[in-house]
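Structure, as structure tokens:
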Amino acid sequence: MNANKWIRQFHRWLAITFTVTVIVTFVALAQEDPIVWVSYVPLLPLALLLFTGLYLFALPYAARWRRGRARES
């Protein structure tokens with residue numbers, strides 16, 4: 001599996017992980033005596049989603065730019 005497919009698959013699994021952590025956070029904060037630090041748990045998957053999502057967003061533009069540069073040569 002090449003790097004782009006691996007990152008796409010990783011991004012999908014991160015989305016599932018992020019969703020689960022948000023649900024767990026809502027349940028934990030709904031308790032009578034909530035643990036406040038639990039609200040920070042979804043931030044790691046969210047940050048990784050940001051970086052992988054930006055990479056996947058830029059892929060078509062980078063491919064188009066590389067194609068254009070190859071024609072110039």
Side-chain angles (χ1 to χ4, degrees):
M1 189 159 36
N2 67 14
N4 292 341
K5 287 184 181 180
W6 185 85
I7 291 176
R8 189 175 311 272
Q9 189 68 29
F10 184 65
H11 184 78
R12 289 178 184 152
W13 281 105
L14 273 175
I16 293 168
T17 305
F18 175 69
T19 304
V20 169
T21 58
V22 168
I23 292 169
V24 168
T25 301
F26 271 95
V27 170
L29 292 178
Q31 302 300 316
E32 226 175 90
D33 189 21
I35 304 169
V36 179
W37 65 265
V38 173
S39 62
Y40 296 115
V41 171
L43 293 180
L44 178 62
L46 182 62
L48 293 172
L49 272 172
L50 172 70
F51 292 122
T52 57
L54 288 173
Y55 175 80
L56 292 171
F57 178 78
L59 275 179
Y61 298 105
R64 195 176 318 150
W65 180 75
R66 273 185 261 137
R67 256 191 320 248
R69 296 208 19 122
R71 289 181 188 157
E72 291 174 5
S73 298

Pairs under 3.5 angstrom only: tabulate donor-acceptor contacts from the side chains of residues 37-44 to other protein residues two or more places apart or in another chain.
from, atom 1, to, atom 2, distance (Å)
Ser39, OG, Val36, O, 2.7

For Phe10 and Trp6, take the angle between the two ring planes, folded into 0 to 90°, and tell me which bin it lands in: parallel under 30, tilted 30 to 60, perpendicular over 60.
parallel
Contact between Arg8 and Arg12 at the side-chain level, heavy atoms closer than 4.5 Å - yes or no?
yes
Which distance, rounded to the nearest 0.5 Å, do you find between the CG of Leu56 and the CG of Leu49?
10.0 Å
Rounded to the nearest 0.5 Å, what separation is found between the OG1 atom of Thr17 and the CG atom of Leu48?
9.5 Å
Has Ile35 got more than 12 heavy atoms of other residues, nucleotides or ligands less than 6.0 Å from its CD1?
no
Say whether Leu46 and Val22 are linked into one hydrophobic cluster, either directly or through other cluster members, by side-chain heavy-atom distances under 4.5 angstrom.
yes
Atom CG in Leu14, atom OG1 in Thr52: separation rounded to 0.5 Å?
5.5 Å
Hydrophobic cluster membership, with links at side-chain heavy-atom distances under 4.5 Å among I/L/V/M/F/W/Y: are Leu50 and Val20 in one?
no
